[in-house]
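Below you'll find the structure, written out as structure tokens, and then a few comments.
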Amino acid sequence: MCGIIAITTSSKANVSKMITTSLKKLEYRGYDSVGIATINNGKVEMLKDVGTIDKVNKRLSLENLQGTIGIGHTRWATHGAISRENAHPHSDCTGNIIVVHNGIIENYLELRNTLQENGHNFSSETDSEVIAHLMEEELKQFNQNLSMINAFKRVLTKIEGTYAITLIHSGEPDTIFLARKDSPLVIGVREDTKFAASDIPAFLEYTKKVIVLKNGEIATLTPQAVYIEKNGFRVQPKPVIISWTAESAQKSGYPHFMLKEIHEQPIALKNTLNTNPAEIMKASNKILEAERIIFLACGTSYHAGLTGYYQFQRILGKKPLYKVIASEYETYSHLIDEDTLIIAISQSGETLDVMKGLTPARKLGASIVSVVNVIDSSIPRYSHISLYTKAGPEIGVAATKTHTAQVALLARLALQVEHDIGLMSATEFTHIIEDLNTLTPQITRLIINQNEFKAKQLASKITNQNHAYFLARGYNMPIALEGALKLKEISYIHAEAFPAGESKHGPIAIVEPDFPVIMIAPNDWTAQKMLSNTEEMRARGAYIISVTEQDHRIIKRSDYSFILPEVTIPLLRPITHILPLQMLAYYTAVQRGFDPDKPKNLAKTVTVE
Ligand code: F6R
């Protein structure tokens with residue numbers, strides 16, 4: 001949450017223009033307020049305000065600030081209201097030390113009180129501002145006889161919590177100071193310019209050479225050099241060249257990233273399924289060795305984990321499997337030992353709730369296999385085996401292509417286990433993998449093309465509704481849960497998903513004429529029962545929307561149907577059946593006048609508990 005960018009250059013360019021462009025790429029991480037500070041001829045210049053980057057830039061001309069070093073921030077509020085004062089950057093009392101921060105300083109009240117007793121004046125309610133004042137205090141105490149880096153290191157020993165920090169000081173006007181603990185920070189390297197940002201797309205337009213700062217590392221950037229150290233020892237930076245293109249982080253003619261990303265699913269799935277078989281085999285071995293398996297994730301990634309849970313349940317019979325929402329990890333901690341395997345699923349690879357489960361689990365000897373989209377992020381670095389979804393950067397806050405890619409990768413893994421356990425012959429296995437690899441992108445493209453207009457049409461029907469139900473049964477529940485989450489998070493229509501059989505135990509009470517009920521009704525064992533549940537809803541006047549595979553009984557009983565091709569590989573259903581629901585959520589949000597890329601109160605990478 002919150003987006004950070006810092007740039008130092010020896011070229012003549014003003015960094016404020018580059019910082020503004022980079023902040024636009026980070027806006028998905030927060031958009032409550034925005035600010036930039038530069039150092040120009042030894043003096044700090046700073047502009048910040050409440051609002052999106054475009055609005056604030058129009059009002060204050062952020063990109064006209066002068067200077068060849070600067071930092072910028074787009075905020076997702078944690079401590080303190082959404083106000084100009086609380087917008088980053090923050091400064092010390094002298095205005096010479098400027099800081100931006102992502103994360104939470106847990107002991108900030110204590111620190112703030114001590115600093116205030118020592119005469120410091122605070123301008124904001126944020127936890128982040130203490131960092132600038134602590135730096136000022138350290139330099140003051142040592143009467144400036146302390147190098148800036150040593151003062152910075154002393155500050156870090158005083159703060160508790162999570163952070164990605166970038167700091168500049170007018171007294172050292174070409175250096176950026178960085179530190180990371182549990183909040184992401186990556187460095188971009190170009191010959192005459194160095195970047196630090198919360199995420200790679202921020203500087204992808206300028207460089208593809210990336211160094212991922214690891215937990216506990218401290219760094220300084222000057223236009224010519226990157227210096228990193230950890231626990232007092234120098235760390236040799238290991239830059240990697242990222243294959244993502246700058247275009248992949250742009251809208252390329254689509255009105256929103258979300259729509260672009262929905263349309264990118266065929267290619268994201270193709271790339272993801274074209275995975276390294278050796279890694280899948282290693283993960284399969286871990287699954288077979290484990291005595292119990294926990295699927296651990298949050299939000300949309302949790303729904304992908306649920307599909308994995310149901311698939312593996314079918315294959316692994318009595319082996320105990322658990323599905324755990326990561327923020328609820330403590331409830332399951334008694335299950336963790338060296339015979340436990342955790343399958344952690346995360347798009348960003350940085351979700352703190354997931355990390356907070358993995359950290360104690362690993363200490364207790366559990367094995368960790370992760371399914372992640374962002375290469376070299378914290379979760380894969382903490383895992384024994386990392387499987388990557390190759391969906392490319394996802395900018396829309398609502399996950400779409402990374403979700404179906406997660407489902408596909410888990411399905412691929414499930415097939416491997418089915419083969420390795422002896423439930424599938426080698427020939428059968430080869431055929432099904434071939435089918436999976438070729439059919440998945442094809443069928444996905446077909447469904448998107450055939451249903452986009454229908455989704456748009458249907459959106460106009462439900463746009464004025466306040467509630468919607470999503471019903472399914474058994475292993476189709478993750479589709480209903482994900483469909484409801486998508487609609488709720490971007491269109492703000494209250495949407496709930498539950499097993500269809502449960503509706504008569506309470507939820508049906510609020511169904512009235514025209515109440516939208518979305519039935520996930522594929523051609524499987526659930527079809528007949530879904531039919532009965534549809535009748536119950538129809539009898540109360542509900543507006544029935546079905547997602548079916550040409551089942552005429554359900555189509556006849558529906559007011560509106562998304563009719564999908566018959567799915568020959570059942571493992572694909574959580575992919576095929578979610579596509580119309582992603583588009584329905586998208587078009588409903590747009591028709592209600594909301595920006596689906598930036599749902600209110602949400603951020604793409606959630607690094608708070
Ligand atoms: C919803 C959405 C979130 C994320 C959740 C976990 O569309 O994107 O629910 O799935 O915040 O994030 P990751 O996958 O980065 O761990």
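As the structure lists them, so they are numbered: ligands from 1, and atoms in each ligand from 1.
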Does Val397 reach ligand 1, in the sense of a heavy atom lying below 4.0 Å from it?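 Yes, Val397 has a heavy atom closer than 4.0 Å to ligand 1.
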
Is Lys486 close enough to touch ligand 1? Criterion: a residue heavy atom under 4.0 Å from a ligand atom.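 Distance cut 4.0 Å: Lys486 passes for ligand 1.
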
Would you say [X] and ligand 1 have an N/O pair spaced under 3.5 Å apart?
{"X": "Gln406", "value": "no"}
{"X": "Ala399", "value": "yes"}
{"X": "Lys604", "value": "no"}

Shortest protein contact, [atom] (heavy atom only):
{"atom": "atom 3 (C) of ligand 1", "result": "Thr300 N, 4.0 Å"}
{"atom": "atom 11 (O) of ligand 1", "result": "Val606 CG2, 3.9 Å"}
{"atom": "atom 5 (C) of ligand 1", "result": "Cys298 O, 3.7 Å"}
{"atom": "atom 15 (O) of ligand 1", "result": "Ser348 OG, 2.6 Å"}

How are the rings of Phe312 and Phe295 set to each other: parallel, tilted or perpendicular (split at 30° and 60°)?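 Tilted.
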
Going by the angle between their ring planes, with limits at 30° and 60°, are His467 and Phe515 parallel, tilted or perpendicular?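 Aromatic pair His467/Phe515 classed parallel.
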
Below 4.0 angstrom, N of the basic side chain to O of the carboxylate: do [X] and [Y] qualify?
{"X": "Asp595", "Y": "Lys598", "value": "yes"}
{"X": "Lys488", "Y": "Glu496", "value": "no"}
{"X": "Lys456", "Y": "Glu452", "value": "no"}

Is the cationic atom of Lys461 (NZ for Lys, CZ for Arg) positioned less than 6.0 Å from the six-membered ring centroid of Tyr543 and within 45 degrees of its normal?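 Yes - Lys461 lies over the ring of Tyr543, closer than 6.0 Å to its centre and within 45° of its axis.
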
Numbering as shown, the atoms of ligand 1 that approach [X] to under 4.0 Å (heavy-atom distance):
{"X": "Ser301", "answer": "10 (O), 13 (P), 14 (O)"}
{"X": "Glu489", "answer": "1 (C), 7 (O)"}
{"X": "Gly299", "answer": "9 (O), 10 (O)"}

State, without any angle test, whether Thr389 and Thr272 hold a side-chain donor-acceptor pair at a distance under 3.5 Å.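 Thr272 and Thr389 do not have a side-chain donor-acceptor pair below 3.5 Å.
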
Would you say Gln347 and Ser301 are linked by a side-chain donor-acceptor pair, where the criterion is simply a distance under 3.5 Å?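 Short answer, no.
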
So which of Leu602, Thr351, Val372 gets nearest to atom 13 (P) of ligand 1, if we judge by its closest heavy atom?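 Shortest heavy-atom distance from atom 13 (P) of ligand 1: Thr351.
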
Expected output: side-chain Ser348 to main-chain Glu350 donor-acceptor under 3.5 Å: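 Yes; judged by distance alone, with no hydrogens or angles, the pair exists.
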
